[in-house]
*Asks:* 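One structure is given below, represented as structure tokens, and several questions about it will come after.
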Amino acid sequence: MFPDNQKPDSHKIPAREALVVAIVSVVVTGLLFYLKYPPRLPYADEFEYLGYAFGIHKFGVFGQVSSDTTLAPGASMFFPPLYPHFLAALMAADQTFAATTSCVLINIGGGADGAITTSGCDPRYGLAIPVQVLIAGLVPFFIWATARRLSGSTSIAVIAALLALAARSYVYYANHFLTEALTLPLAAALGWAMVAAWQDRTSRAVVVSAVCFGLLVLTRAGWSYAALVIIPIFLWMGVMSWRACGARAFLPAIFFVMATTAILSPWIIRNAVLFDTPALTGGYGAKALMHRLPYNRMTNDEWKAAFVYWLPDFGDSLAARIFPKEQYQRLDFGYPNGFYTSERLAFAAEVEVKRGGQDIFDYLIEQEIMGNLGKHIMVTLAMVWRGMFAAKYLGLIGWIFFLPLFIFALHRRWAALIVLALPPLFMLGLNAFVSVSIPRYNLPLIPVLAFSIAYVMVNAVSRLRRKYDRVRAP
């Protein structure tokens, strides 16, 4: 079963079938959520998104409200706008969510970074969590639809969707006020739309891809760099269609750029007017690098231990059996003298002294990355390892199936699978290069990993069955 040899009509999914699968996906996701995840109070980064959302809701200002919820915030461009505005819309629709958010912000407790606590508030969020669960329920549907297009097989599509549900990552983050509530559905929808655009060569699929991509960038600005692989994909589509279509073959790339620009331009213009900075965000890149670059101080022994310690779930206990404690303990987020804690603070103090009057982002790029590029790339390899195991065991097993399948796709020019895989693979490398690259950042890999497991398993079983039938034949 090699999908590129399918007839064009085999890519089409009947509307009734798609609707039934979408409903089942949402219902099953909802059941999993309410059986597994009780209400909880926000934690760490969630306070920032809630603070921005409350600023929009109460004051009409895109800025972070702190513990004094009566004080209007100043305008900001630190975060991209979509998720805070999404939360603000939910607050406007249900005052229960707004009241709980106000209580949470007022009662933020002190503590180390990543360990801020809240007390005195009931975790009652009105419509907010059910809406996030509803959106999360669309992710297995998009995985099913993508797998169905790639393989033409209902069995492969269902297994891929079930694997994604079993991983529970989408369900888990529906219970959090983090950008993953929108990033994961949008990334899954983008993968489906790009596969559809490649297979169908329609302007509609290209525009849907651009809409998904634009909204994804307005949720996580780092995804804007994925344009470096997405635009070449559409350009290559034009090259492949040049003989048949002439100059019109490049219309998909033009449509993609135009639609994406139309979506992003209002926010960029807003930042240019208010801050004289025509950019998606301001200050976030430097903050990410300030967290990432202390890891460049790891020793060779720590670098080796990282490939064991950062295995999912069991890596820390396995490292404890293999290495002396001092070889891996600084890799621990919670270790007081670790790279994420005291080493980061020491690095920040050192940067303040060394950079003088130079812009901090420029200094970090020029001196700490380009001036130490060899070490930075070596540590990036370890950070790729850290981030690649999205959804723990699904990631670990998924890569075992994905890597040979991807090599096979390159060899056989299975373009649709390559199109699906390239954006999240690019983001895996980028996250490792500029951030602490925790697996949460790379959950958009789940669709391609789940598909790889399902595709290889179903085809392996099919071959074994045919071989068994031939042996039994008289």
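Count residues from 1 along the sequence. Everything numeric in this text was worked out from a predicted model, so none of it was measured.
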*Asks:* Answer yes or no: are there more than 12 heavy-atom neighbours, outside Tyr37 itself, under 6.0 Å from its atom OH?
*Replies:*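 Check passes, neighbour count above 12.
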*Asks:* Measure the shortest side-chain to side-chain distance between Val458 and Val461 over non-hydrogen atoms and say whether it is less than 4.5 angstrom.
*Replies:*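 Not in contact.
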*Asks:* Which label fits Phe86 and Tyr83: parallel for a plane angle under 30°, tilted from 30 to 60°, or perpendicular past 60°?
*Replies:*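 Phe86 vs Tyr83 ring planes: parallel.
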*Asks:* Looking at Leu150 and Leu417, what are the two nearest heavy atoms and their distance?
*Replies:*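 Heavy atoms of Leu150 and Leu417 come nearest at CD2-N, 3.6 Å.
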*Asks:* Is any side-chain heavy atom of Val65 less than 4.5 Å from a side-chain heavy atom of Phe59?
*Replies:*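 A side-chain contact under 4.5 Å exists here.
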*Asks:* Search all heavy atoms of Pro423 against all heavy atoms of Ile230 and return the closest pair with its distance.
*Replies:*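 Of all heavy-atom pairs spanning Pro423 and Ile230, the closest is CG-CG1, 4.0 Å.
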*Asks:* Let me see the working for Phe97 and Phe54 under side-chain contact (heavy atoms from CB on, under 4.5 Å), right down to the final yes or no.
*Replies:* CA-CA 10 Å; Phe97 182 32; Phe54 196 75; over 6 Å; no
*Asks:* So, for Phe177 and Tyr49, is the gap between ring centers shorter than 6.0 Å?
*Replies:*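 Centroid distance Phe177-Tyr49: not below 6.0 Å, so no.
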*Asks:* Give, for atom OG of Ser151 and atom CG of Asn459, the distance between the pair rounded to the nearest 0.5 Å.
*Replies:*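 Separation between the atoms: 8.5 Å.
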*Asks:* Nearest 0.5 angstrom please: Gln132 CD to Leu178 CG, how far?
*Replies:*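 That separation rounds to 9.0 Å.
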*Asks:* Please check: side-chain N/O of Trp385 versus main-chain N/O of Phe307, any donor-acceptor pairing under 3.5 Å?
*Replies:*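 Side chain of Trp385 to backbone of Phe307, a donor-acceptor pair under 3.5 Å: yes, one is there.
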*Asks:* Just by distance, do the side chain of Trp310 and the backbone of Gly315 share a donor-acceptor pair under 3.5 Å?
*Replies:*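 No, Trp310 side chain to Gly315 backbone: no donor-acceptor pair under 3.5 Å.
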*Asks:* Please round to the nearest 0.5 Å and tell me the distance separating atom CG of Leu280 and atom CD1 of Ile268.
*Replies:*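 If we round to the nearest 0.5 Å, Leu280:CG and Ile268:CD1 are 4.5 Å apart.
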*Asks:* Spell out, as yes or no, whether a donor-acceptor pair under 3.5 Å connects the side chain of Asp200 to the backbone of Thr202.
*Replies:*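 Here the side-chain-to-backbone pair does not exist.
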*Asks:* Please check if the distance between the ring centroids of Trp414 and Phe406 is under 6.0 Å.
*Replies:*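 That pair fails the under 6.0 Å test.
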*Asks:* How many angstroms lie between atom CG of Asn442 and atom OG of Ser435, to the nearest 0.5 angstrom?
*Replies:*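 Between atom CG of Asn442 and atom OG of Ser435 there are 7.5 Å.
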*Asks:* If every non-hydrogen atom of Pro444 is compared with every non-hydrogen atom of Pro424, which pair is closest and at what distance?
*Replies:*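 That closest heavy-atom pairing would be O-CB, 3.9 Å.
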*Asks:* For Gly222 and Leu430, work out which heavy atoms get closest and say how close.
*Replies:*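 Minimum heavy-atom separation between Gly222 and Leu430: O-CD2, 3.7 Å.
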*Asks:* For Arg292 and Thr380, which I'm curious about, is there any donor-acceptor pair between the side chains at under 3.5 Å?
*Replies:*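 Judged by distance alone, the side chains do pair up.
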*Asks:* Just wondering, do Asn431 and Ile438 contact through their side chains at under 4.5 Å, heavy atoms?
*Replies:*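 They are not in contact (no side-chain heavy atoms under 4.5 Å apart), so the answer is no.
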*Asks:* Take Asn372 and His376 through the side-chain contact (heavy atoms from CB on, under 4.5 Å) test and state the conclusion after the steps.
*Replies:* CA-CA 6 Å; Asn372 192 24; His376 188 79; 5.6 Å; no
*Asks:* Check the angle between the aromatic planes of Tyr295 and Phe339 and answer parallel, tilted or perpendicular using the 30° and 60° thresholds.
*Replies:*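 Answer is tilted, since the angle falls between 30° and 60°.
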*Asks:* Run the salt bridge (charged side-chain N to carboxylate O under 4.0 Å, His left out) test against Lys287 and tell me which residues pass, sequence neighbours left out.
*Replies:*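 Residues passing salt bridge (charged side-chain N to carboxylate O under 4.0 Å, His left out) with Lys287: Glu48.
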*Asks:* Quick one: does any side-chain atom of Trp267 pair with a main-chain N or O of Pro80 as donor and acceptor, under 3.5 Å?
*Replies:*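 No.
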*Asks:* Working to the nearest 0.5 angstrom, can you tell me the gap between Leu311 CG and Lys392 NZ?
*Replies:*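 It comes to 13.0 Å.
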*Asks:* Has Lys375 got a side-chain atom pairing as donor or acceptor with Met298's backbone, closer than 3.5 angstrom?
*Replies:*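 Side chain of Lys375 to backbone of Met298, a donor-acceptor pair under 3.5 Å: yes, one is there.
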*Asks:* Which donor-acceptor pairs under 3.5 Å do the side chains of residues 13-26 make with protein atoms, sequence neighbours left out?
*Replies:*
| residue | atom | partner | partner atom | Å |
| --- | --- | --- | --- | --- |
| Glu17 | OE1 | Arg148 | NH2 | 3.1 |
| Glu17 | OE2 | Arg148 | NE | 3.3 |
| Glu17 | OE2 | Arg148 | NH2 | 3.3 |
| Ser25 | OG | Gly137 | O | 2.4 |
| Ser25 | OG | Phe141 | N | 3.3 |

*Asks:* Are any of the side-chain heavy atoms of Phe33 and Ile129 separated by less than 4.5 Å?
*Replies:*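 In short, these two side chains touch, coming nearer than 4.5 Å.
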*Asks:* Does a sphere of radius 6.0 Å around OH in Tyr225 hold more than 12 heavy atoms from other residues, nucleotides or ligands, not counting ones at 6.0 Å or beyond?
*Replies:*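 Open: at most 12 neighbouring heavy atoms sit under 6.0 Å from OH of Tyr225.
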*Asks:* Does the salt bridge (charged side-chain N to carboxylate O under 4.0 Å, His left out) test come out yes or no for Glu46 and Arg40, once each step is laid out?
*Replies:* CA-CA 12 Å; Glu46 292 172 278; Arg40 53 176 290 281; 2.8 Å; yes
*Asks:* Check whether any side-chain N or O of Thr281 sits under 3.5 Å from a backbone N or O of Phe79 as a donor-acceptor pair, and report yes or no.
*Replies:*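 A pair under 3.5 Å: no.
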*Asks:* How close do Ala416 and Gln199 get, counting heavy atoms only, and between which atoms?
*Replies:*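 Of all heavy-atom pairs spanning Ala416 and Gln199, the closest is CB-NE2, 4.0 Å.
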*Asks:* With a 4.5 Å limit on heavy-atom distance, are the side chains of Tyr125 and Thr101 in contact?
*Replies:*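 No. Closest side-chain heavy atoms not under 4.5 Å.
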*Asks:* Tyr441 vs Leu428, test: side-chain contact (heavy atoms from CB on, under 4.5 Å). Steps then yes/no.
*Replies:* CA-CA 8 Å; Tyr441 298 166; Leu428 170 64; over 6 Å; no
*Asks:* Is the side chain of Ser241 donor-acceptor paired with the backbone N or O of Met237 at a distance under 3.5 Å, no angle test?
*Replies:*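 Side chain of Ser241 to backbone of Met237, a donor-acceptor pair under 3.5 Å: yes, one is there.
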*Asks:* Would you say Thr277's side chain and Phe275's backbone share a donor-acceptor pair under 3.5 angstrom?
*Replies:*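 Indeed, once roles are kept as given, a pair shorter than 3.5 Å links the two residues.
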*Asks:* Quick check: are there more than 12 heavy atoms from other residues, nucleotides or ligands sitting under 6.0 Å from CE of Met290?
*Replies:*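 Enclosed: over 12 neighbouring heavy atoms sit under 6.0 Å from CE of Met290.
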*Asks:* Does Arg204 CZ have over 12 foreign heavy atoms under 6.0 Å away?
*Replies:*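 For Arg204, atom CZ is not crowded (no more than 12 foreign heavy atoms under 6.0 Å).
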*Asks:* Tell me the closest heavy-atom pair linking Ile397 and Phe401, and the distance in Å.
*Replies:*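 In terms of heavy atoms, the two residues are closest at O-CD1, 3.2 Å.
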*Asks:* Is the shortest heavy-atom distance from the side chain of Phe234 to the side chain of Ile254 under 4.5 Å?
*Replies:*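 Side-chain contact under 4.5 Å: no.
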*Asks:* If the plane angle is over 60° it's perpendicular, under 30° parallel, otherwise tilted; pick one for Tyr173 and His176.
*Replies:*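 Tyr173 vs His176 ring planes: tilted.
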*Asks:* Should the ring pair Phe256 and Phe213 be called parallel, tilted or perpendicular, given that the plane angle runs from 0 to 90° and is split at 30 and 60?
*Replies:*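 Plane angle between 30° and 60°, so tilted.
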*Asks:* Does any part of the side chain of Val419, heavy atoms only, come nearer than 4.5 Å to the side chain of Trp236, both counted from C-beta?
*Replies:*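 A side-chain contact under 4.5 Å is absent here.
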*Asks:* Considering only heavy atoms from C-beta outward, does the side chain of Ile56 approach that of Pro84 to under 4.5 Å?
*Replies:*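 The answer is yes, as the side chains (C-beta and beyond) meet within the 4.5 Å cut-off.
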*Asks:* Any side-chain to backbone donor/acceptor pair from Asp94 onto Leu90? Under 3.5 Å, distance only.
*Replies:*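 No; zero donor-acceptor contacts below 3.5 Å.
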*Asks:* Report the C-alpha distance between Val206 and Leu251 in whole Å, list the side-chain angles of each, state the deciding distance to 0.1 Å, and finish with yes or no for side-chain contact (heavy atoms from CB on, under 4.5 Å).
*Replies:* CA-CA 10 Å; Val206 172; Leu251 285 178; over 6 Å; no
*Asks:* Check whether Arg344 reaches the backbone of Pro294 with its side chain - one donor and one acceptor, N or O, closer than 3.5 Å.
*Replies:*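 Not at all, since once roles are kept as given, no pair shorter than 3.5 Å links the two residues.
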*Asks:* Determine whether the aromatic ring centres of residues His85 and Tyr52 are separated by less than 6.0 angstrom.
*Replies:*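 Ring centres of His85 and Tyr52 not closer than 6.0 Å.
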*Asks:* How long is the gap from CD1 on Ile400 to CG on Leu405, to the nearest 0.5 Å?
*Replies:*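 If we round to the nearest 0.5 Å, Ile400:CD1 and Leu405:CG are 14.0 Å apart.
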